[in-house]
2 protein chains.
Amino acid sequence: MSKVNIKVLADQLQLSVSTISKALRDSYEISDETKKKVLELATQLNYIPNPYASSLRRKKSKTIAVVLPEVADNFFSLAINGIQSIAESKGYHVLIYLSHEKFANEKNILEDCQSGRVDGVLISISSETNTAEHINKLQNQNIPVVFFDREQEAIKTARVTTNDFDCGLMAANHLLQKGCRRPAFLSISQSLPICQNRMEGYKAALQQAGLREEDMQIVYCTDNDGMYDQVRSLLQAADRPDGLIASVEKIVTPVYLACHELNIRIPNEVKVIAFATLDTAPILNPPLTTITQPAFEIGKAAATVLFKGIEKSAFDLSKERMVIPSLLIERESTK
Amino acid sequence: MSKVNIKVLADQLQLSVSTISKALRDSYEISDETKKKVLELATQLNYIPNPYASSLRRKKSKTIAVVLPEVADNFFSLAINGIQSIAESKGYHVLIYLSHEKFANEKNILEDCQSGRVDGVLISISSETNTAEHINKLQNQNIPVVFFDREQEAIKTARVTTNDFDCGLMAANHLLQKGCRRPAFLSISQSLPICQNRMEGYKAALQQAGLREEDMQIVYCTDNDGMYDQVRSLLQAADRPDGLIASVEKIVTPVYLACHELNIRIPNEVKVIAFATLDTAPILNPPLTTITQPAFEIGKAAATVLFKGIEKSAFDLSKERMVIPSLLIERESTK
DNA sequence: CATTTTTTCGCAACCGTTTTCGTAAATAAA
DNA sequence: TTTATTTACGAAAACGGTTGCGAAAAAATG
């Protein structure tokens, strides 16, 4: 209701609008005396500057966009936490956009990001995304983009990921070491580097162990709803695997449910390891061995490097590539 | 780099800036012919309007704020999903702010929201919040505020919650019916209505069953990190409860861990029921009986009513009070 | 053909803040 | 005292759209 802006302050203090503005920004051009008067009246009248007017003039929005496939996922919500913590400390605001794993959505979102609404973009691409143009367009507008976790390989910019290949290797080796002879790999996308790299690690481990390519089972659970059925039929097959690697968190519940349903005991009949940051992992039945990604740290690191790109446009993001290792936490599901 | 704005379009088409603007907004004042030309050039040059310039003039930001205690919680992330789905359909953008359960943070956030940055606010208050002024200030600036889940009772505005009292009653009755004689209630706040209401339901149920006030055990787990220890010492006490009601999701893991650690079997020695939207509930050890809140629907409903308040300022939010019931899903933990 | 109405567009103010530049007064240097 | 410099402020033009109003041209009406 009050609509108190700089003009109101100026009128009441018999000063010019520009003087008020400078006083509020603590300019050297203004005397300490008037600065104090301005500050006092400002707090008294509860003056709050209009960010959009400021953005318009300064061409800085003090806002970043976070684009992700979904938010109901522990990895992503922890990453948001990390991002938010950095953004807050920098005085930035965070817009959240969800692609719901659809390329078309992601494209629309990035298009909007070209408007000047945001100073930079943090993105974890959708599982459908396998082209780069829509991201390139953003970069052409001089809007820095940083990938976290799910990157698009063709784009030259900073990325913060975890050691996916190594973890794929570790996960598979862990299963082999625990006695699995035919572990399967459950993926959600043929294009996502995280899935591909984890899978390559899996393949490498199996190869080193002397298994042939045709003995490796890789199942793509692309359909979110059909996941349970896919896992179920995999476990009902004659040559069913004796180990499962869930490449992302959301595969865990279908896997456990299918095993319970089919009376397949974990870890006796099938061992399970999952890439997940589930905090319920230790209380599952049985407790789940996880490759736990440092989601919070990834978010923080990605935001930190993004702000470097935002704050000095000379900064070359394309050289930045940070890998924060995940941890294998052994629990009952692979005992 | 391109910096294509309305002026560029105007120059290239030998038209005035205002004509371009009106054409883009499909004004009746502009002929179909020129509209077409403008649209064509606009798409050709990849013109994207500056939202802040528009916001400044029209005094509409097409943006809402979502203020919540934390995002790494299934309830809240699902609620965000619901909110986002409505916002997206309305062409609105969503700013996320986290209070981390601190009143001071929440206050700062809401202060910023008075700037004109957002057209409305959806909030689930922090567990520390027990005053109303900071929210009132927002309303005085004519910025509609809607509560979801965690409301502040002194504020007159719309709220979307679940049937907390009934669920507290249901939860306690369920335990009683399953044979518990001394169920305890685990809360996180003395001021949050959700906790209070659920607790009142619990008390009512126990009273109806003939238990006296002094036989009711109510434990406040306010410290996030100390939760495990608190639960542990509760379970080590001589008069330890034979049933536990976790009033919020994040209490679940500490409870299960403490029980496992102390070798207290669920449900034989202690039955557990929790307010939670955990999708891992069915695969916990043992599967967890939950009061499952309709988080997504609450988010959707809250956003929907907020937009009513935003779109017509005549709309009286204070009368809106929607209660979306939760579901008791029985599983092994209370068998 | 004169007059009224409609169609189509441009001018200019405006949203609230920032910033360049000019200038009067105060102070310092000559 | 005169000149140079510093201090402290104001006027006005941005930033990129939006919108009320006026007006010329075209169409409709009498």
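Atoms considered below: every heavy atom in the structure, side chains included; atoms not considered: hydrogens, waters and symmetry mates. Numbers restart at 1 for each chain; the letters A, B, ... are given by sequence-line order, proteins then strands.
Within 4.0 Å (heavy atoms only), Ser21(B) reaches at least one base atom of the nucleic acid. Contacts of Ser55(A) with the nucleic acid, taken as non-hydrogen atoms under 4.0 Å apart, are absent. Backbone-only engagement by Leu15(A) is indicated by non-hydrogen atom pairs under 4.0 Å involving sugar-phosphate atoms exclusively. Residue contacts for Pro49(A): at a heavy-atom cut-off of 4.0 Å it reaches the sugar-phosphate backbone alone, with no base atom in range.
Distance from the side chain of Glu29(A) is smallest for dC21(C) among the nucleotides dC21(C), dT8(C), dT19(D). Distance from the side chain of Lys22(B) is smallest for dG20(D) among the nucleotides dG16(D), dA11(D), dG20(D). Of the candidate nucleotides dG17(D), dG10(D), dT18(C), dG10(D) has the atom nearest to the side chain of Ser18(A). Side-chain proximity of Arg25(A) to the nucleotides dC9(C), dG16(D), dT18(C) is greatest for dT18(C).
Residue Ser27(B) places no side-chain N or O under 4.0 Å from the OP1 or OP2 atom of dT19(D).
Counting heavy atoms from C-beta on, the side chains of Leu95(A) and Arg117(A) come closer than 4.5 Å.
The NZ-C1' distance, from Lys59(B) to dT19(D), rounds to 14 Å in whole Å. Remark: P of dT19(C) and NZ of Lys60(A) are 13 Å apart, rounded to the nearest angstrom.
Side chain Arg57(B) to base dT18(D): a donor-acceptor pair is found below 3.5 Å.
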